[in-house]
Every structure is written in C-alpha cells, then in structure tokens.
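Just below is one structure, and these are the notes that go with it.
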Amino acid sequence: MSGGRRRIRWVLLLPCAVLLVMVYFFGVSLGRDPSLVPSPLVGRPAPEISLPELLDPDKTFSRQDVEEGPWMLNVWASWCSGCIVEHEFLMALGRAGAPIYGLNWKDGHTDAMEWLQLRGNPYRAIAVDADGRASIDWGVYGAPETFLIDADGIVRYRHVGPLNGAIFADVFLPVLEGRSQ
Amino acid sequence: MKSLAAALLVLMAVTAAAVDTEAPLETAEQQSLYRKLLEEVRCMVCQNQNLADSDAPLARDMRRELRRMVEDGASEDDVKQFLLDRYGDFALYRPRLAPNTLLLWAGPGVILVIALGAIALVIRRRMQMPIPEED
C-alpha cells in the first residue's frame, strides 16, 4: 500500500514538471523579438553582387569593388523610417573610416540621391537593387539591415533594424579590427 | 448581425485576392506547384500571412521570383531550398525535419504520450480502489 501511495505522489509531481518546462520556454521567448529572424547566411560566403552603382549608374558594383578586409553592407532606402534613425550613427562611422557599403533597396534614383544630399553619404559605394531581386539573395526582409562580412568573405552577422553603438561595439568592431578569431 | 457577416465575407474575399490578378502559368502542373508554394511560404514582412494572401512589396517580389523559378522548371524542393538558404526555416509554414526543428515536430507527440500515460495511471489506480458499499 505504501508503494502505491508513493506512485500517486510521483504522478502529482508530473504537472509541476510540465509547468516548469513551459515556464522555461515561455521565459526564453519573452526575451526574444519574434519579428527578428536569424539569417541562414551567417557563417557562409557572402552572395555575389552585380548591380549598378547609385552615384555612377554606368558602372557595375560587384564584390571585387570592395576593398580588402572586413566590410559592412547596409540595406537602406529613402522610404525607410528606421534608416533615418541610424543615419547619424552611420555618418559618424563613415567619418571614422568604417568600410560601409550601401545596398539601396527598391528605391527611386531621384529619391535616393535627394536623401544623400540632405543627410550625407556614409557609404564607400552604393549598389542599386531597384527591383529587389538581389536583396532576396541576401535574405533581406526589412530595411534597415546591416551585414558584417569578414576578410575571408564570410558573413559573420546580420543586424535587423537601426544600427546602434552597443551592437556595433559588441559584434561589428571586433571583426572590423580583426580582433576576433 | 447578418449584415456584419456579409461585410466580413466581402473583406475575406478581398484579402484572398492578392494573387488572383496574375496570369496563370504555362502548364497546369506549373500553376498548381506555384499555387501550392504560395500557400506554404511565409511573407517575411507580414509574418502571419503566406505569399498568396499578402500584398506587401516583398511578397510581390518573392512571388515574382518563385514564378520565374517554376517557369524555369524548378521542383518544389529546389524552390524550398532556395528559400531555406536565404530566409531559413522560418520562411516555410511546414518546416522540414531537422535537428533544430525536432522539438517542434516531436513536442506535441511527447506531450500526448505523457498525458495518456498519466490518464492510464489514474484510471488503473481508481479501478483498484474498493467500491464503497452502499447502505
């Protein structure tokens, strides 16, 4: 009889165990933004680019035009409100010499040029993806997005949303300075 | 109440029409594959809609890309791999079975087994209980 009683107690513990597991998963999910999708590109070679350049449409921008070393690809558009938020920060990075390249996503040429005249141009070069096809290759789903590519051409990180000092110092700077493995 | 239901029906018809303005693909097989994919691929902007229902600019671009792939003779797996390589498992409403999606697929089954086990234990215990005598 005492053995039976013990088994009943074990069964009573089960809901508590299930509850704990649920609390764990809900707890993990609480701290996570479900609209941020991890990029499967991370850890793989960056996709090829072959697009016209915004400031010189007769020229084609490709990976060969990127200077040696790690670099950043910032996806932006004049219609993108988050891009206004991060622009001051990008300007500061550009002035400090950060290798930022732009991908102008589904934008009008005039709109994009006006935006740069108004707010300044932090980019070393800007590729124009007018129909959005190249951006699909990069898995872009919302501007602004910023990719970090290391000196070997491997995508190391993709940031969705306006870039800020904290994430830049934590993730981008070590790779850009060649301090990480 | 009836007019409300009617209005709702009209609204549903409007949202379902995002893709229906497109010209059909060359062959019936291509068309049905294309439609099947649109139902199963998530619009990454409006994340609770599929490509067939969404009229977001990115959804339109992705429809165009999928359409081109199907026209060029891509299989269902080709298109799904294309999406997985770029947007990850999240892009598919029915994710493939992989180590990182195992919990997603096996979780409900595991919970069902635990629940059935618990019910069986309780039933067995109750059946072993003596039936109280009535006065």
Side-chain angles (χ1 to χ4, degrees), chain A residues 1 3-19 21-22 24-25 28-29 32-48 75 77 79-80 82 105-108 129-143 145 147 155 158 160, chain B residues 41-49 51 54 56-69 79-92 95-96 98 100-101 103-104 106-108 110-130:
Chain A
M1 199 58 209
R5 222 175 264 156
R6 220 172 281 145
R7 205 187 303 165
I8 288 178
R9 285 200 194 115
W10 183 84
V11 168
L12 285 177
L13 278 178
L14 201 70
C16 303
V18 171
L19 186 74
V21 171
M22 282 168 70
Y24 170 74
F25 278 104
V28 168
S29 309
R32 210 161 45 184
D33 184 348
S35 66
L36 297 183
V37 182
S39 172
L41 258 61
V42 171
R44 299 211 316 241
E48 285 300 326
V75 183
W79 47 261
C80 147
W105 186 36
K106 290 176 73 74
D107 208 351
D129 184 21
D131 64 0
R133 196 177 174 198
S135 298
I136 290 180
D137 282 339
W138 285 78
V140 170
Y141 68 94
E145 286 185 21
F147 292 85
V155 178
R158 188 265 298 267
V160 179
Chain B
V41 177
R42 187 189 298 275
C43 164
M44 300 300 289
V45 186
C46 31
Q47 297 180 343
N48 287 323
Q49 275 189 315
L51 284 188
S54 173
L58 180 63
R60 257 179 273 153
D61 290 349
M62 286 176 76
R63 278 206 297 270
R64 190 191 56 208
E65 211 57 31
L66 259 53
R67 211 182 148 86
R68 188 180 358 225
M69 288 184 77
V79 176
K80 286 190 170 168
Q81 196 56 49
F82 172 89
L83 291 161
L84 284 176
D85 287 345
R86 285 157 183 77
Y87 291 96
D89 287 298
F90 192 67
L92 302 177
R96 77 221 145 117
N100 62 330
T101 60
L103 192 66
L104 194 66
V110 171
I111 291 171
L112 185 70
V113 167
I114 291 174
L116 287 178
I119 291 171
L121 268 177
V122 170
I123 290 176
R124 227 182 47 198
R125 188 125 309 277
R126 297 227 171 139
M127 282 172 76
Q128 281 168 5
M129 277 183 194

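Heavy-atom basis, side chains included; hydrogens, waters and symmetry copies ignored. Since the structure is predicted, the reported quantities are computational estimates derived from the model, not experimental observations. Per chain, numbering begins at 1; letters A, B, ... match sequence-line order.
Heavy atoms only, all atoms of each residue included: B:Leu84 and A:Pro40 are closest at O-CG, 3.3 Å. Across all non-hydrogen atoms, the minimal contact from A:Arg44 to B:Asp85 is NH2-O, 2.9 Å. The two residues A:Val140 and B:Tyr87 come nearest to each other via the heavy atoms O-OH, 2.8 Å.
Top candidate by heavy-atom pairs under 4.5 Å with chain A, chosen from B:Arg68, B:Arg60, B:Gln128, B:Met62, is B:Arg68.
Between B:Met44 atom CE and A:Ile136 atom CD1 the span is 11.5 Å, to the nearest 0.5 Å. If you take CG on B:Leu103 and CZ on A:Phe25, they are separated by 4.5 Å, rounding to the nearest 0.5 Å.
The side-chain heavy atoms of A:Asp131 and B:Arg64, taken from C-beta on, include a pair separated by under 4.5 Å.
Electrostatic pairing of A:Asp137 and B:Arg86 counts as a salt bridge here, judged by a charged N lying under 4.0 Å from a carboxylate O.
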